[in-house]
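Heads up, the thing below is written out as structure tokens.
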Amino acid sequence: MGLKDVKDLSMDTGVQQMLAKAREEGIDTAFDRAAKMNQCGFGSTGVCCKHCLEGPCRIAPNGKGAQTGVCGANVDTIVARNFLTTVTEGTASHAEHAREVAHAILEAVEGKAPYAIQDEAKLKAVAQGLGLNTEGKNVNQLAKEVAIKALEDFQKQHGTLNWLKFRANSKSVENWKKLGLLPVNAHLEITKAMARQVMGGDADPTNLLLGTVTMGLVDGYAGLHMSTDLQDILFGTPKAVKAQYRLGVIKKEMVNISVHGHIPLLAEKVVEWAGKLKDEAKAVGAQGINVVGVCCSGNELLMRKGVPVATNYASQEMPIITGALEAMVVDIQCIMPGLQTVASCYHTEIITTLPYVKMSGATHVEFSTERADEAAQEIVRKAIANFKKRDPRKISIPNEVTEAYAGFSVEQIVEALKAVNAEDPLKPLVDAIASGQILGAVALVGCTNPRVKQDSSNVALAMELIKNNVLVVATGCSAHSLGKFGLLSPDGLQYAGESLRNILTAIGQANGLPALPPALHMGSCVDNSRIADLLNALANYLGVGIKDLPVAGSCPETHHPKALAIGTYFIANGVDVHVGVNPQVTGSELVVNVLTAEKENFPVTTDGLFGGKLIYEEDPVKAAEIILNRIKAKRKALGLS
Ligand code: BF8
Ligand code: SF4
């Protein structure tokens with residue numbers, strides 16, 4: 001099969017340029033690998049089971065051939081079980097992220113790790129939210145108690161998650177309690193989910209799908225919320241910040257280091273030491289050290305420090321192909337094993353840092369919170385040493401950069417709204433929604449996927465929504481897509497409907513800006529918690545449930561199990577969630593109906609149980625139409641026109 005034109009692989013012209021360069025240099029990238037991969041029809045529809053050695057078993061389509069596995073499991077059981085496996089993987093990733101940060105805080109306050117609490121106001125707010133008495137306690141005492149509360153969410157044997165009690169919407173909690181879905185502790189629930197999906201475990205497809213909802217709650221509270229809250233305490237709550245996007249942020253005359261992965265414990269230290277060691281970079285002939293972000297580590301640094309973002313998931317190999325990247329330092333999640341193969345054609349050093357995330361051929365510099373400074377110094381010095389190893393014939397850096405605003409934490413949004421109404425900051429937003437000036441809000445979240453033309457669905461969907469006066473908030477690699485194409489900048493308002501443009505201009509001007517951008521960047525994937533907090537605040541303000549709000553979530557270019565775990569969390573709260581890539585459940589009519597049918601059309605649906613459903617639509621314009629119709633139906637149910 002011939003290779004696709006690079007213009008059909010990514011909207012980003014810098015990425016196109018690098019893809020062409022890679023092909024000239026004989027290098028395989030994820031986009032070309034995706035085109036060469038024949039997808040298996042059984043796997044694509046979720047009907048292949050390899051949960052035991054009697055299999056693998058696969059169910060033949062259209063009733064022709066085997067209709068059960070050797071053990072007798074039917075297609076519904078197999079598909080539901082596979083879906084639970086995927087959601088469990090996503091949840092485990094986020095829970096591990098949160099636990100690492102909790103542990104880091106504990107070590108920091110005990111003087112064992114070189115970090116200091118940056119945000120005392122957030123610490124106090126979180127402590128109070130967790131029901132701790134804050135009186136007369138110093139910062140370290142209080143932070144220690146918060147970290148212990150966090151670690152309890154991985155240990156307790158009774159009750160439910162501390163973070164769920166703290167952050168969840170009370171109406172949602174009542175519903176989960178009634179359905180018996182409340183998680184006890186993250187590790188217990190992840191283990192239980194593994195135990196129920198093993199051969200001879202849970203065989204009831206609907207019950208298995210309810211199991212995914214409990215996983216979604218673990219993901220939400222012991223993953224997303226806990227990570228965001230603790231990271232804000234440790235590194236500061238984001239405030240509006242201006243920064244740059246695209247491969248042009250890589251600078252020829254600098255030592256370039258890209259940080260890639262998710263947990264900011266490492267990335268923050270790399271930035272710190274890049275600043276401290278710039279004279280050493282000058283000594284090798286560079287002008288300084290330039291740290292650029294990739295994926296969610298990029299988001300974390302962008303949100304808190306305005307560090308520029310080179311690119312998002314599907315094009316993570318491209319910074320290497322510029323020939324000017326001295327090191328790519330990675331921690332965990334969304335790190336393509338193919339990076340090392342690409343790097344071996346250049347002078348770039350791939351540096352892995354976690355003992356359980358290594359890559360053969362890559363350099364490993366062990367990172368632990370205790371030796372965070374030593375590890376970060378070693379990494380930065382390796383990058384400096386690589387500067388002289390560049391091959392000048394291989395250097396070609398795309399020159400485009402796009403300006404964007406980020407840093408829209410809930411705290412920052414409320415602050416901005418206070419400039420309009422100091423006493424009642426949510427009122428202007430609620431009034432605009434009630435009057436129809438803002439039709440609703442959609443969170444554009446998640447990934448890019450080398451199977452989909454990069455950024456195209458994320459951008460097209462956002463454009464459709466803002467044109468229809470829907471406020472867009474964004475996280476993850478989806479936010480990168482919007483950033484690259486100007487939708488995180490006030491200039492993007494030219495694409496917005498008139499009433500949305502007016503309100504965002506008014507709020508922006510009240511804050512001394514020309515306008516707010518049409519899409520507000522709220523952070524990394526764990527920061528989807530911020531979106532949930534905003535929804536909870538709006539629901540409480542209006543005295544309704546989150547399920548009643550005219551809002552939705554969308555992940556147009558899904559690739560990772562984490563995205564499905566996050567989606568499940570939002571569906572559990574009654575928010576519709578769109579995915580633009582096949583979620584691999586279509587082999588079971590029952591599973592498809594439970595997840596995607598409207599409550600009138602099937603006996604048991606997530607729509608009926610929670611008020612939110614899954615929408616699977618690959619065409620972004622059609623997806624926008626479906627989302628808009630659901631938003632309009634929710635407005636109608638609230639008595640809004
Ligand atoms: O946690 S958006 S591609 S980098 S999974 Fe991965 Fe998807 Fe990017 Fe961040 Ni989220
Ligand atoms: Fe086959 Fe059942 Fe084993 Fe799955 S669990 S591989 S369906 S025998």
Side-chain angles (χ1 to χ4, degrees), residues 30 42 46-59 66-82 85-86 89-91 93-94 96-97 196-203 208 219 223-224 227-228 259-264 267 293-303 309-316 330-336 443-452 454-455 458 474-483 521-529 553-567 579-581 587:
F42 296 98
V47 302
C48 174
C49 179
K50 49 198 283 299
H51 278 288
C52 86
L53 305 187
E54 291 167 64
C57 302
R58 46 194 215 175
I59 307 302
Q67 292 303 296
T68 64
V70 174
C71 66
N74 67 15
V75 73
D76 301 324
T77 299
I78 290 174
V79 171
R81 204 161 48 187
N82 284 338
T85 308
T86 307
E89 287 173 346
T91 302
S93 310
H94 286 144
E96 196 47 19
H97 178 148
R196 78 196 287 178
Q197 63 199 251
V198 79
M199 189 276 146
D202 198 353
L208 281 159
D219 189 72
L224 315 181
S227 299
T228 302
V259 287
H260 174 17
H262 285 81
I263 313 176
V294 174
C295 283
C296 280
S297 288
N299 275 323
E300 297 286 355
L301 294 179
L302 166 74
M303 290 286 286
V309 176
T311 200
N312 49 3
Y313 174 78
S315 49
Q316 60 183 266
V330 304
D331 55 14
I332 191 169
Q333 298 164 29
C334 298
I335 294 150
M336 288 187 187
L444 264 183
V445 306
C447 319
T448 58
N449 181 329
R451 287 187 179 286
V452 178
Q454 189 188 20
D455 304 321
N458 287 333
T475 56
C477 290
S478 206
H480 294 308
S481 297
L482 306 190
H521 190 339
M522 294 187 74
S524 65
C525 285
V526 294
D527 292 337
N528 284 308
S529 61
S554 170
C555 182
E557 299 178 31
T558 338
H559 100 95
H560 202 280
K562 287 177 291 171
L564 293 177
I566 296 167
V579 291
V581 176

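By convention here, the first residue in the shown sequence is residue 1. Every number for a ligand or one of its atoms is a count from 1 in the order of the listing.
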With a 4.0 Å heavy-atom cut-off (strictly under), which part of R81 contacts ligand 2: side chain, backbone, both or neither?
side chain

Could you list the atoms of ligand 2 found under 4.0 angstrom from a heavy atom of E54?
8 (S)

Just by distance, no angles: are the side chains of T475 and N528 close enough, under 3.5 Å, to form a donor-acceptor pair?
yes

Ligand 2 to M199, heavy atom cutoff 4.0 Å, flagged ligand atoms 5 (S)

H480 and N458 side chains, donor-acceptor separation under 3.5 Å:
no

Which value, rounded to the nearest 0.5 Å, describes the distance between R81 atom CZ and H51 atom NE2?
5.5 Å

Taking C-beta and beyond as the side chain, do I566 and H94 meet within less than 4.5 Å on heavy atoms?
yes

What heavy-atom pair brings I78 and C49 nearest, and what distance separates the two atoms?
CG2-CB, 3.7 Å

Using a 4.0 Å cutoff against the non-hydrogen atoms of G69, which atoms of ligand 2 qualify?
7 (S)

Checking the side chain of S93 only, and the main-chain atoms of E89 only, is there a donor and an acceptor separated by less than 3.5 Å?
yes

Do any nitrogen or oxygen atoms of ligand 1 lie under 3.5 Å from a protein nitrogen or oxygen, and which ones?
from	atom 1	to	atom 2	distance (Å)
ligand 1	1 (O)	H262	NE2	2.7
ligand 1	1 (O)	K562	NZ	3.0

How long is the straight-line distance from OH of Y313 back to SG of C447, given to the nearest 0.5 Å?
8.5 Å

Taking T228 for the side chain and V526 for the main chain, is one N or O donor matched with an acceptor at less than 3.5 Å?
yes

In ligand 2, which numbered atoms sit nearer than 4.0 Å to a non-hydrogen atom of C57?
1 (Fe), 6 (S), 7 (S), 8 (S)

Under 4.0 Å to a heavy atom of C71 - the qualifying atoms of ligand 2, by number
2 (Fe), 5 (S), 7 (S), 8 (S)

Enumerate the atoms of ligand 2 whose separation from the nearest heavy atom of G55 is less than 4.0 angstrom.
6 (S)

Looking only at non-hydrogen atoms, the one of C48, C52, A203 nearest atom 3 (Fe) of ligand 2 is C52

Check each atom of ligand 2 against the heavy atoms of C49 and keep those under 4.0 Å away; list them by number with element.
4 (Fe), 5 (S), 6 (S), 7 (S)

For a side chain to side chain contact (heavy atoms under 4.5 Å, CB included) check, start with the C-alpha distance between D455 and N312, then their side-chain angles and the critical distance, and finish with the verdict.
CA-CA 9 Å; D455 304 321; N312 49 3; 3.2 Å; yes

I263 side, atom CD1; Q333 side, atom CD - distance, nearest 0.5 Å
6.5 Å

